[in-house]
Amino acid sequence: APAEFGRPVPPPQTGWERLSELWTRDERDRLPEETVNIVKSAFTAGLVGWLYGGLPAFRQARTTFIERSHGELFHNRADAMQSAHRAGLRGFIRYGWRWSWRVAVFVTIFNTVSTGLSMYRNKTTIGNFASAGAFTGALFRMHLGLPGLAGGIMFGTAFGIPAGGLLMIMQSFAGETLQEKRSRERRELYEQKLAEWHSRLSMTEDLGQKESDGQGRPEMETARES
């Protein structure tokens with residue numbers, strides 16, 4: 001039978017099957033909502049990190065330049081202000097980038113691990129976020145040895161619990177978590193495809209019956225004539 005007449009594949013039942021959907025595009029070539037949220041949060045975290053590290057660096061670099069440039073000669077006041085702003089801008093770019101990529105990587109790993117655990121277990125709990133925070137913190141501090149590893153686990157757990165609680169509160173306002181929404185959408189899509197499959201199958205059987213009836217009538221007429 002053609003592929004379009006095959007029985008629809010049921011929703012994933014195991015944790016690994018659900019986890020594999022995290023990077024699988026749908027029929028419209030769209031990534032799952034969880035993956036899109038990970039990308040969006042990484043971009044937002046990078047922007048926040050850049051502002052967090054860049055703005056203080058901008059002020060500090062500008063102030064330092066002004067303090068050290070009393071003996072320098074400038075063409076006019078505007079030239080001096082532009083030089084001070086350029087010094088601040090260099091500090092903003094330099095230190096803002098340092099904070100930006102670190103915060104973006106931390107948030108991306110945290111969200112990927114917590115989302116993966118939620119999809120694998122098919123439920124959202126504080127434990128998922130705490131485990132994700134502990135793993136991410138340990139990964140960032142493991143180069144400092146056992147003390148750094150322990151500190152990273154404690155920091156990550158302390159970050160993951162309130163962050164996860166905030167996300168769960170925000171999802172509760174929508175009436176369902178992302179996992180519940182995705183499970184509902186999977187079930188509804190499967191039921192829709194199953195109904196369409198039954199409809200096509202019934203139509204095919206009717207056409208086959210009509211065709212067989214049409215072929216049987218000439219044979220009966222030929223037999224009568226003979």
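Each of Leu89 and Tyr95 belongs to its own hydrophobic cluster when Ile, Leu, Val, Met, Phe, Trp and Tyr are linked at side-chain heavy-atom distances under 4.5 angstrom. Residues Ile126 and Met170 do not share a hydrophobic cluster, defined by chaining ILVMFWY side chains whose heavy atoms lie under 4.5 Å apart.
Here the closest non-hydrogen pair linking Ala61 and Gly88 is CB-CA, 3.9 Å. Closest approach of Thr125 to Met168, counting heavy atoms only: C-SD, 4.0 Å. Across Ala45 and Val107, no two heavy atoms sit closer than the pair CB-CG2, 3.6 Å. Nearest approach of Met119 to Arg18, heavy atoms of both residues: O-NE, 2.9 Å. When all heavy atoms of Ala158 and Pro162 are compared, the pair lying nearest together is O-CD, 2.8 Å.
Between Leu149 and Leu144 the shortest side-chain heavy-atom distance does not fall below 4.5 Å. Contact check for Ile38 versus Thr115: side-chain heavy atoms found under the 4.5 Å cut-off. Counting heavy atoms from C-beta outward, Ser41 and Thr108 have side chains that stay 4.5 Å or more apart.
Note: Asn111 CG to Ser118 OG = 10.0 Å, rounded to the nearest 0.5 Å. Note: Phe92 CZ to Trp50 CH2 = 7.0 Å, rounded to the nearest 0.5 Å. Between the CG atom of Asn37 and the CG atom of Leu31 there is a distance of 11.5 Å, given to the nearest 0.5 Å. For the atom pair Ile153 CD1 and Met142 CE, the distance stands at 10.0 Å (nearest 0.5 Å). Taking OG1 of Thr112 as the reference point, atom CG of Leu117 lies at 11.0 Å (rounded to 0.5 Å). Taking OG1 from Thr136 and CZ from Phe129, the interatomic distance works out to 12.0 Å, rounded to the nearest 0.5 Å.
For residues 138-163, the ring-ring contact (aromatic ring centres under 6.0 Å, His included) pairs, not counting sequence neighbours, are Phe106-Phe140, Phe106-Phe159, Phe110-Phe159.
A side-chain donor-acceptor contact under 3.5 Å links Asn128 to the backbone of Lys123. Side-chain atoms of Thr157 never come within 3.5 Å of backbone atoms of Met154 as a donor-acceptor pair (strictly under, hydrogens ignored).
The salt bridge (Lys or Arg N to Asp or Glu O under 4.0 Å) test applied to Glu188 returns Arg184, not counting sequence neighbours. Residues passing the salt bridge (Lys or Arg N to Asp or Glu O under 4.0 Å) test with Glu33, sequence neighbours excluded: Lys181. Residues meeting the side chain to side chain donor-acceptor pair (under 3.5 Å) test with Thr124, sequence neighbours left out: Gln179.
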Between side-chain atoms of residues 97-104 and protein atoms elsewhere (two or more places apart, or another chain), which donor-acceptor pairs fall under 3.5 Å?
residue: Ser100; atom: OG; partner: Gly46; partner atom: O; Å: 2.8
residue: Arg102; atom: NH1; partner: Arg98; partner atom: O; Å: 3.0

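Chaining together hydrophobic side chains whose heavy atoms lie under 4.5 Å apart places Tyr120 alongside Trp16, Leu19.
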